Amino acid sequence: TPLPNGAWFANMQLAVWRTDWDLENAMALWAKGGTLNDFHIHNDQGQVVVMNGAEPIFIDAGAVAYGDPEYDAKFACSSGHNVIQTPSGLKRLKKEVRVPVEVERMDAKGGLLRIDASEAQPEVKSWQRRVEWSAEGKVTVTDEADLFDGKQPGDEWFRWHTGATAAPTVSGSGKAWQATWGGPGQGAAMLGGRDANRVTLEGDRPLTVEALPWRSALLKSNYVLVV
């Protein structure tokens, strides 16, 4: 019996998908919400992770060590995840929250899901995340968010932990930015013949995007895109 491309774990509000079971070449994606029965609580509700074979594209910072003095501040809190960034999220909330995930489609061609992360952090009034992906390697994440106290110019809205171990090339201005990394000679197992990982970041208002060094359990050191 062929193994499935994806699985939905309702008790965790977790969706897991892959193109196939070739560990070296398959594209894989997982996305999670949250339930009131969670027991290993990080500020990761809304998290999306993408792998391209053995190459991480977007990751969870994980835990370098549970006894690390920066465990709460850099790994368990929102700054260690690809989620919305708020003042309270920069501390480990240690509280179960209801963040439902609706899987609209998940098959061999790709998938589409929606995450209602409005209860993820106290300052969040509304946060809807739409994730759509294809077996050809394209992933589109669309966020619509509103905070009770709003955001000031220059405040961080989102971050994306990349699999880049060298600084990505970041370019753009105004409402559209790009970041690239990887490619031939950098140990990347590229999907579909691509020579680099390319990310486009767009907003309904002017953005600034920078790449900052971080630490992660998977790569020891990597770069995070701060928006």
Side-chain angles (χ1 to χ4, degrees), residues 1-23 25-53 55-60 78 81-86 89 96-121 124-147 157-163 175-176 179 191-192 194 197-204 207 225 227:
T1 303
L3 293 171
N5 291 96
W8 164 241
F9 301 95
N11 63 325
M12 300 173 64
Q13 293 296 294
L14 172 68
V16 181
W17 177 92
R18 60 193 307 138
T19 50
D20 55 56
W21 289 83
D22 179 348
L23 299 182
N25 298 297
M27 174 192 169
L29 177 147
W30 66 259
K32 74 176 294 290
T35 77
L36 298 181
N37 296 317
D38 286 346
F39 62 93
H40 185 70
I41 306 169
H42 289 186
N43 301 0
D44 62 351
Q45 296 83 15
Q47 172 78 359
V48 178
V49 170
V50 180
M51 297 287 293
N52 182 8
E55 179 194 10
I57 307 299
F58 288 118
I59 67 173
D60 183 313
S78 60
H81 300 91
N82 306 324
V83 300
I84 199 168
Q85 304 294 306
T86 70
E96 300 87 350
V97 291
R98 181 180 178 274
V99 176
V101 178
E102 178 188 357
V103 178
E104 293 192 13
R105 176 176 58 84
M106 193 160 56
D107 53 32
K109 296 181 179 180
L112 169 64
L113 60 81
R114 302 176 190 272
I115 305 173
D116 182 352
S118 301
E119 297 183 23
Q121 299 174 31
V124 176
K125 184 177 182 180
S126 175
W127 173 27
Q128 306 293 325
R129 168 164 278 187
R130 180 183 187 274
V131 185
E132 185 172 17
W133 66 95
S134 71
E136 286 71 38
K138 182 177 181 179
V139 180
T140 302
V141 179
T142 305
D143 289 301
E144 296 184 5
D146 186 17
L147 304 186
W157 267 99
F158 290 97
R159 60 174 46 200
W160 288 93
H161 287 264
T162 76
K175 299 179 180 180
L191 183 68
R194 291 182 295 130
N197 300 301
R198 295 183 176 87
V199 178
T200 299
L201 302 112
E202 298 177 336
D204 62 353
L207 307 173
L225 299 175
V227 184

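Because the structure is a prediction, the values reported are computed rather than measured.
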Inset, instruction - Show your reasoning for whether side-chain hydrogen bond (donor to acceptor under 3.5 Å, both in side chains) applies to Ser118 and Asp116. - result: CA-CA 6 Å; Ser118 301; Asp116 182 352; 2.7 Å; yes

Contacts of type salt bridge (Lys or Arg N to Asp or Glu O under 4.0 Å), residue [X], not counting sequence neighbours:
X	result
Glu144	none
Asp143	Arg129
Arg114	Glu104
Arg98	none

Legend entry - For the student: nearest non-hydrogen atoms of Val131 and Val139, plus distance: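 For Val131 and Val139, the tightest heavy-atom pair comes out as CG1-CG1, 4.5 Å.
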
Inset, instruction - Of all the heavy-atom pairs spanning Ala31 and Ile115, show the shortest one and how long it is. - result: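 Taking Ala31 first and Ile115 second, the nearest heavy atoms are CB-CD1, 4.3 Å.
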
Inset, instruction - Please examine the side chains of Leu29 and Val49, heavy atoms only from C-beta on, and report whether any two atoms are closer than 4.5 Å. - result: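 Sidechains of Leu29 and Val49: no contact.
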
Inset, instruction - Report yes if the side chains of His161 and His81 come closer than 4.5 Å at any heavy-atom pair, otherwise no. - result: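 The answer is no, as the side chains (C-beta and beyond) never meet within the 4.5 Å cut-off.
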
Inset, instruction - First locate atom CG of Leu147, then atom CD1 of Ile84, and finally report the distance between them rounded to the nearest 0.5 Å. - result: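 Answer for the CG-CD1 pair, Leu147 versus Ile84, is 5.0 Å.
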
Legend entry - Inter-residue atom distance Thr162.OG1 - Ile59.CD1, 0.5 Å rounding: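 Going from OG1 on Thr162 over to CD1 on Ile59, the span is 7.0 Å.
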
Legend entry - Verdict with supporting geometry, Gln47 and Asp60, side chain to side chain contact (heavy atoms under 4.5 Å, CB included): CA-CA 8 Å; Gln47 172 78 359; Asp60 183 313; 3.5 Å; yes

Legend entry - Working for side chain to side chain contact (heavy atoms under 4.5 Å, CB included), residues Trp133 and Met106: CA-CA 9 Å; Trp133 66 95; Met106 193 160 56; 4.1 Å; yes

Can you list, pair by pair, the side-chain donor-acceptor contacts under 3.5 Å of residues 6-17, counting residues two or more places apart and other chains?
| unit_1 | atom_1 | unit_2 | atom_2 | d |
| --- | --- | --- | --- | --- |
| Gln13 | OE1 | Val101 | N | 2.7 |
| Gln13 | NE2 | Ala10 | O | 2.9 |
| Trp17 | NE1 | Asp107 | O | 2.8 |

Inset, instruction - Tell me, please, which residues at least two apart from Glu202 pass side-chain hydrogen bond (donor to acceptor under 3.5 Å, both in side chains). - result: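 Applying side-chain hydrogen bond (donor to acceptor under 3.5 Å, both in side chains) to Glu202 gives none.
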
Inset, instruction - Flag the pair Lys32 and Asp44 as a salt bridge only when some basic side-chain nitrogen lies within less than 4.0 angstrom of an acidic carboxylate oxygen. - result: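 Between Asp44 and Lys32 there is a salt bridge, with a charged N closer than 4.0 Å to a carboxylate O.
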
Legend entry - Pair Arg105 + Glu132, salt bridge at N-O below 4.0 Å: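 Looking at Arg105 and Glu132, the cut-off is met.
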
Legend entry - Derivation and outcome, side chain to side chain contact (heavy atoms under 4.5 Å, CB included), residues Val199 and Phe58: CA-CA 10 Å; Val199 178; Phe58 288 118; 3.6 Å; yes

Inset, instruction - Would you check if there is a donor-acceptor pair between the side chains of Gln45 and Asp38 at a distance under 3.5 Å? - result: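 Looking only at side-chain atoms, Gln45 and Asp38 do not form any donor-acceptor pair under 3.5 Å.
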
